[in-house]
There are 2 protein chains.
Amino acid sequence: MVDSGRAPRRGRPPVSDEQRGRQRLDISRHAVRLFAEQGVAATSGEQIARAAGVSERTLWRCFPTKESCVEPLLTKMLDAFRTVLHAWPPGVGLIEHLRTAYQPVLDSSSGEDVEAVLAVVRMTHDEPALRAAYLVLRERAEETFTEVLAERMGMPPATFEVRVQAATMNAVLKVAADEFARETVGRGITPEVLKDHREQLAHALGLVTRRLSGTDVG
Amino acid sequence: MVDSGRAPRRGRPPVSDEQRGRQRLDISRHAVRLFAEQGVAATSGEQIARAAGVSERTLWRCFPTKESCVEPLLTKMLDAFRTVLHAWPPGVGLIEHLRTAYQPVLDSSSGEDVEAVLAVVRMTHDEPALRAAYLVLRERAEETFTEVLAERMGMPPATFEVRVQAATMNAVLKVAADEFARETVGRGITPEVLKDHREQLAHALGLVTRRLSGTDVG
DNA sequence: ACTTTAATGACAGTTACTGCCAACAAACTG
DNA sequence: CAGTTTGTTGGCAGTAACTGTCATTAAAGT
């Protein structure tokens, strides 16, 4: 309907979304490293910008607050779950699907990023500003859950029941992620704790989701 | 064990917690009013302090950020639920208890405060900083739920299952509060929407809490 | 009155961010 | 190639949210 692309495009084209994403992710990694090394409060925006090799001005153009610099990395982690959720085949229960398909570390990315993410999750318990950013982030991810669940339950996404299920799922994920971060603190990420994590998540979701088993949902 | 009160107390005594609370609540009311009138970004700390009749310095001593000024008011709302939860008698299911005992507006406080709280909840959808403060606040309230549920389920509060149930309950409460704020936007708080809210909350909690019915819990 | 302890207010200082504009980069046009 | 157009970046000044410090005042006891 709109005549998109019809205008013969003059001047420099805007950078692609992927490139933007890469830049943000790059900054995010440096920021998280600095946060972990010296604490959030002791890390200045100027420092982050220098480490990432950009000017402070562009840093603030990419992120509204310095705490939000953790977003791209954390989003990668949440994406692991989102992917699995999207791949949830009809007819099979959510819990059993998770048990077979959810491998949080492998899908998400390189091991270093995973460690960094876990470090952030641990930091959120002591740094209030970071906790706030973390919670906002998780809530944004809830939207995705809402969409998937809405389709699953055959209701519009804005439905109260759908939102309740999505919020519930999100809450369970948060506690499970927290527990996972706690248990991997000393040792690295062994296949054991990974399995425990998946099992714990599946178990917990089984506790609170009645209507999402395979038999209930058309 | 400690020789508390043994030292014959010299000098001016520190102000009581109630008085502190009153001061914070007073500031909170002014802050919320200003936020609602002109938006969060357009309201400065100096303005809040002037409206509340204190110096800016003491404002920052009471609240770490200007968004956190909404805390005392919002906490009052959450307290309404906490009270009901604490009054939850053994042997009776949580849902039926809520259906009979939960009257969010009446317990909490004066009608003006309730309207202010709802205004804040609505504002959180457009003001990111406010949303962050709101989410942090709600998560702090989760601790209380954890304690009550832990006692109920006969487990230590740090247990994974207890935390899952508490987080779930918290998530449901959030969605319900959100819906309540949305439905009361034009009209005031009629007994009708109030009843709908209670019913909706009870229904939603029934959906996601299996183990908290009267028969399941000893 | 004098001491002691706690709260407040005033003021300077830091820093997270914002607006603004000049400089530069990447496309197309002649 | 220069010239134009459009988008991105960087520098610099400014604002406002806080923080540290200290003098002043308030509320108690002796």
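Lettering of chains follows the sequences in order, A, B, ..., and the numbering in each one begins at 1.
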Cut-off 3.5 Å, side chains only: do A/T184 and A/R122 have a donor facing an acceptor?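 The criterion, which ignores hydrogens and geometry beyond distance, is satisfied for A/R122 and A/T184.
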Does the side chain of B/H203 pick up a donor-acceptor pair with the side chain of A/E161 at under 3.5 Å?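 Their side chains do contain a donor-acceptor pair, which is all the 3.5 Å distance test asks for.
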What integer distance in Å separates [X]:[atom1] from [N]:[atom2]?
X     : N      : atom1 : atom2 : value
A/E67 : D/dC18 : CD    : P     : 11 Å
A/D17 : D/dG7  : CG    : C1'   : 14 Å
B/R24 : C/dT8  : CZ    : P     : 13 Å
B/Q23 : C/dG9  : CD    : C1'   : 13 Å
B/K66 : D/dA16 : NZ    : C1'   : 8 Å
A/W60 : D/dT9  : CH2   : P     : 16 Å
B/E46 : D/dA16 : CD    : P     : 9 Å
B/Q19 : D/dA26 : CD    : P     : 15 Å

Given 3.5 Å as the limit, does a donor-acceptor pair link the side chain of A/R152 with the main chain of A/W88, or not?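 At least one qualifying donor-acceptor pair exists.
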Keeping the roles fixed (side chain from B/R131, backbone from A/V136), state whether a donor-acceptor pair exists under 3.5 Å.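 Checked: no pair found.
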Counting any heavy atom closer than 4.0 Å, what does B/T43 reach on the DNA or RNA strands: base, sugar-phosphate only, or nothing?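 Answer is sugar-phosphate: B/T43 comes under 4.0 Å of backbone atoms only.
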Taking OP1 and OP2 of D/dA16, is either one under 4.0 Å from a side-chain nitrogen or oxygen of B/Q47?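 The answer is no; no side-chain N or O of B/Q47 sits under 4.0 Å from OP1 or OP2.
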Hey, is the side chain of A/R10 pairing donor to acceptor with the base of C/dA27 inside 3.5 Å?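 Between C/dA27 and A/R10, which were checked side chain against base, a qualifying N/O pair under 3.5 Å is absent.
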Presence of salt bridge, B/E139 and A/K174, under 4.0 angstrom: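 So A/K174 pairs with B/E139 through a salt bridge.
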Close N or O pairs between protein and nucleotides 11-15 of chain D (under 3.5 Å):
residue, atom, partner, partner atom, Å
D/dG11, O6, A/R57, NE, 3.3

Evaluate B/D178 against B/H125 for side chain to side chain contact (heavy atoms under 4.5 Å, CB included), listing each step before the verdict. CA-CA 10 Å; B/D178 204 66; B/H125 295 296; 2.6 Å; yes
Here's a test of your reading of the structure: between B/T58 and A/R12, which maps to the more 5' nucleotide of DNA chain C?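 Comparing both residues, the 5'-ward one is B/T58.
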First encountered from the 5' end of DNA chain C, between B/R20 and A/G11: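 It is B/R20 whose nearest nucleotide is closer to the 5' end.
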Minimum side-chain heavy-atom gap A/L73-A/V120 below 4.5 Å: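 They are not in contact (no side-chain heavy atoms under 4.5 Å apart), so the answer is no.
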